Structure formats: structure tokens, C-alpha cells
Amino acid sequence: MSQSDATLRIELQFSGGMELLFDNQKTIHAKVPAFFPLDASTEERHAATIRDLISWTASNLLKERPELFIGTDGSVRSGILVLVNDADWELEGELDYELEDRDEIVFISTLHGG
């Protein structure tokens with residue numbers, strides 16, 4: 001299997017209102033590319049990271065209001081807690097965490113109306 005064909009099985013979970021952006025789906029079992037291009041001008045690829053997952057999720061799964069999920073820097077918006085396998089992503093390297101097959105990534109909005 002070539003790098004371009006390899007995929008990772010990732011379980012994505014959304015709560016705290018995040019699920020509304022994903023067609024009311026609280027859990028999505030996604031097959032995500034295992035490798036992403038370094039940039040548009042090269043064939044070189046790197047292992048998938050959370051940064052890639054956020055962009056891929058916004059492009060492939062997000063149904064509405066991308067501004068409520070992804071920030072201008074390619075990360076999630078402030079106010080969204082991200083867990084990687086039940087641990088705060090800050091302990092796992094945040095955007096640079098390299099995804100592994102069967103990872104569980106949870107997005108929780110901490111901003112609620114009231």
C-alpha cells in the first residue's frame with residue numbers, strides 16, 4: 001500500500017453543541033488519510049497530525065458554520081476543548097500530535113448560550 005492509499009481509522013466525537021455543526025452526529029467513525037502533502041509544490045508527504053485532521057474534518061465532515069469550528073490559524077476556535085484518547089491535547093503536542101490508527105479525538109465546546 002502506498003502512502004497515498006494508507007488510511008487511519010479515527011473516532012471523532014462532538015459535544016457541548018459541536019455536534020450541531022456535524023449534522024447532529026455525536027460520533028463519526030472516519031477513515032482519514034495517514035499521510036498529507038508537505039505543501040502544494042512537492043510530492044513529499046508527512047504523517048497525519050491533528051492539524052491535518054482539523055482541516056480534513058472541516059473540508060469533509062463539517063455541515064455548517066465553519067467559523068464556529070476552525071480558526072484563522074488552522075486550529076480549532078478558542079473555547080473548544082480537544083481530547084486525544086481521553087487526555088488534554090496540550091499534553092499530547094496539540095496540533096503536532098501524529099495520529100495513530102484507532103485514535104479517539106473529542107471536540108467539546110465550552111461556550112454555551114444562556
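Owing to the predicted nature of the structure, the values given are computational and were not obtained by experimental measurement.
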Within this structure, what is the [atom1]-[atom2] distance for the pair [X] and [Y], rounded to the nearest 0.5 Å?
X: Ile80; Y: Leu68; atom1: CD1; atom2: CG; value: 8.0 Å
X: Gln13; Y: His29; atom1: CD; atom2: NE2; value: 8.0 Å
X: Asp103; Y: Arg9; atom1: CG; atom2: CZ; value: 11.5 Å
X: Ile50; Y: Ile10; atom1: CD1; atom2: CD1; value: 8.0 Å
X: Glu67; Y: Arg77; atom1: CD; atom2: CZ; value: 7.5 Å
X: Glu104; Y: Leu12; atom1: CD; atom2: CG; value: 9.5 Å

Contact check, side chains of [X] and [Y], non-hydrogen atoms, under 4.5 Å:
X: Tyr97; Y: Val82; value: no
X: Ile105; Y: Leu99; value: yes
X: Asp96; Y: Arg51; value: yes

Please find the pair of heavy atoms, one from [X] and one from [Y], that lie closest to each other, and give the distance.
X: Ala47; Y: Glu98; value: CB-OE1, 3.6 Å
X: Pro33; Y: Ala48; value: O-CB, 3.4 Å
X: Phe14; Y: Glu19; value: O-OE1, 3.5 Å
X: Arg45; Y: Phe35; value: NH2-O, 3.2 Å
X: Leu61; Y: Ala30; value: CD1-CB, 4.5 Å
X: Ala58; Y: Ile70; value: CB-CD1, 4.3 Å

Who clusters with Leu81? Use side-chain heavy atoms, under 4.5 angstrom, across I, L, V, M, F, W and Y, and order the result by chain and number.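 Leu81 clusters with Leu83, Val106, Ile108.
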
ask   = Linking I/L/V/M/F/W/Y whenever any side-chain heavy atoms sit under 4.5 Å apart, do Leu20 and Phe69 land together?
value =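 Different clusters: Leu20 never reaches Phe69 through Ile, Leu, Val, Met, Phe, Trp or Tyr contacts under 4.5 Å.
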
Quick one: does any side-chain atom of Asp88 pair with a main-chain N or O of Glu90 as donor and acceptor, under 3.5 Å?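 At least one qualifying donor-acceptor pair exists.
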
Requested in this report: Just do the side-chain contact (heavy atoms from CB on, under 4.5 Å) check on Phe107 and Leu21 with the steps written out, would you?
Outcome: CA-CA 11 Å; Phe107 298 95; Leu21 305 178; over 6 Å; no

If you measure only the distance, is there a donor-acceptor pair under 3.5 Å linking the side chains of Asp52 and Thr49?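 Yes - a donor-acceptor pair under 3.5 Å links their side chains.
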
Would Asn60 and Val32 count as a side-chain contact (heavy atoms from CB on, under 4.5 Å) here? Give the steps.
CA-CA 10 Å; Asn60 293 280; Val32 177; over 6 Å; no

Mind checking side chain to side chain donor-acceptor pair (under 3.5 Å) for Glu92 and listing every partner two or more places apart, or none if nothing turns up?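 Scan of Glu92 (side chain to side chain donor-acceptor pair (under 3.5 Å), adjacent residues dropped) gives none.
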
